[in-house]
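For reference, positions follow the sequence shown, starting with 1.
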Amino acid sequence: MNYPRVLLAAFCAFIAYFIYGGILFGLLPWLRTEFAKYPAVYRSQEGIKSVMPFGMFAMFVALVAIAVLYAMIYSGGSGVTEGARFGALIGVFAIGSFVIHNYVNLNIGLKLTIQQSIAYFVQWVIVGIVIGLVYKPTVNP
């Protein structure tokens, strides 16, 4: 495993994750508007800002773990293809373990659940592609 490339892949994925999230929540109002319908469940913008540094740190740690998983299962091939496939698997996992789990446990609507499923699936595919493009295994002589 190429540890410097794992960390670089995680860092680049972190940047991509937050760029996509910024576009999704900052420029496109549909998901933000849907979240706003549940103020008793989700933090306000001001509330999010107060805990954002902790969230960013935790997301970076999670992305290091994801990059390590990618490095462990990488079997060669195109970084884009392998990364997209890996990201799609992580996206399906996130939908089942996070989005649907929240739909069951939180008092939120189906529309938000569907929007989150689409948004987060795309986000994880992007993250997977970035990891796939950046990670390069060590070459054994």
Side-chain angles (χ1 to χ4, degrees), residues 1-39 41-141:
M1 186 177 316
N2 186 340
Y3 293 104
R5 294 302 286 204
V6 165
L7 289 175
L8 181 60
F11 177 74
C12 291
F14 177 81
I15 300 299
Y17 182 92
F18 280 99
I19 287 173
Y20 176 76
I23 291 169
L24 196 62
F25 292 102
L27 301 178
L28 305 174
W30 52 275
L31 196 51
R32 184 174 17 129
T33 301
E34 202 61 31
F35 273 108
K37 293 179 181 178
Y38 305 97
V41 176
Y42 294 105
R43 294 181 194 274
S44 67
Q45 293 255 334
E46 296 76 33
I48 290 172
K49 289 176 186 175
S50 71
V51 293
M52 186 59 113
F54 178 68
M56 291 175 76
F57 173 76
M59 196 66 229
F60 181 73
V61 171
L63 288 167
V64 169
I66 293 291
V68 167
L69 286 173
Y70 179 84
M72 290 174 73
I73 66 167
Y74 178 74
S75 59
S78 162
V80 172
T81 303
E82 293 297 315
R85 185 177 325 173
F86 179 73
L89 286 172
I90 298 299
V92 169
F93 176 79
I95 290 167
S97 65
F98 170 67
V99 178
I100 303 300
H101 181 267
N102 281 350
Y103 178 67
V104 170
N105 290 307
L106 303 177
N107 192 19
I108 60 174
L110 183 59
K111 182 177 179 181
L112 177 59
T113 302
I114 292 169
Q115 289 176 345
Q116 283 182 322
S117 296
I118 294 166
Y120 297 149
F121 181 82
V122 170
Q123 189 168 32
W124 284 113
V125 170
I126 291 168
V127 164
I129 290 170
V130 169
I131 290 171
L133 287 171
V134 174
Y135 178 75
K136 305 283 186 245
T138 13
V139 179
N140 293 326

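Within the 4.5 Å cutoff, side-chain heavy atoms of Val6 are placed close to those of Met1. The closest side-chain heavy-atom distance from Glu82 to Arg85 is below 4.5 Å.
Ile131 contributes atom CD1, which lies 11.0 Å from atom CG of Leu8 (distance to the nearest 0.5 angstrom). Interatomic distance, NZ of Lys111 versus CG of Leu31, reported as 10.5 Å (0.5 Å rounding). Taking CZ of Arg32 as the reference point, atom CG of Leu27 lies at 8.5 Å (rounded to 0.5 Å). Taking CD of Gln116 as the reference point, atom CD of Glu34 lies at 9.5 Å (rounded to 0.5 Å). The CG atom of Asn102 lies 9.5 Å from the OG atom of Ser97; values are rounded to the nearest 0.5 Å. In this structure, Phe25 CZ and Gln45 CD are separated by 10.0 Å, a value rounded to the nearest 0.5 Å.
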**Report entry** From CA spacing to verdict: side-chain contact (heavy atoms from CB on, under 4.5 Å), Leu69, Ile73
**Finding:** CA-CA 6 Å; Leu69 286 173; Ile73 66 167; 5.9 Å; no
Requested in this report: May I have the step-by-step check of side-chain contact (heavy atoms from CB on, under 4.5 Å) for Phe121 and Val99, ending in yes or no?
Outcome: CA-CA 10 Å; Phe121 181 82; Val99 178; over 6 Å; no
Query raised in the report: Taking it one step at a time, do Val122 and Tyr20 satisfy side-chain contact (heavy atoms from CB on, under 4.5 Å)?
Result: CA-CA 9 Å; Val122 170; Tyr20 176 76; 3.6 Å; yes
Report task. Let me see the working for Ile108 and Thr113 under side-chain contact (heavy atoms from CB on, under 4.5 Å), right down to the final yes or no. Result -> CA-CA 8 Å; Ile108 60 174; Thr113 302; 4.0 Å; yes
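Within a 6.0 Å sphere centred on CG of Asn105, heavy atoms belonging to other residues, nucleotides or ligands number more than 12. Heavy atoms of other residues, nucleotides or ligands lying less than 6.0 angstrom from OH of Tyr42 number more than 12. Open room surrounds CZ on Phe93; 12 or fewer heavy atoms of other groups in view lie less than 6.0 Å from it.
In this structure, Lys49 does not pair ionically with Glu46, as no charged nitrogen and carboxylate oxygen lie closer than 4.0 Å.
Smallest separation of non-hydrogen atoms from Val127 and Ala13: CG1-CB, 3.8 Å. Contact record, Ser117 with Ile95: O-CD1, 3.5 Å, taken as the closest heavy-atom pair. Taking every heavy atom of both residues into account, Leu133 and Lys136 meet most closely at O-NZ, 3.0 Å.
With hydrogens and angles ignored, the 3.5 Å screen pairs no side-chain donor or acceptor of Arg43 with any backbone N or O of Ile48. Side chain of Tyr38 to main chain of Gly109: a donor-acceptor pair is present (N/O by atom type, distance under 3.5 Å, no hydrogens or angles).
Aromatic ring orientation, Tyr135 versus Tyr74: perpendicular (interplanar angle above 60°, classes split at 30° and 60°). Note on ring orientation: taking the six-membered ring where Trp is involved, the planes of Tyr120 and Phe98 are tilted (angle from 30° to 60°).
The aromatic ring centres of Trp124 and Tyr17 sit less than 6.0 Å apart.
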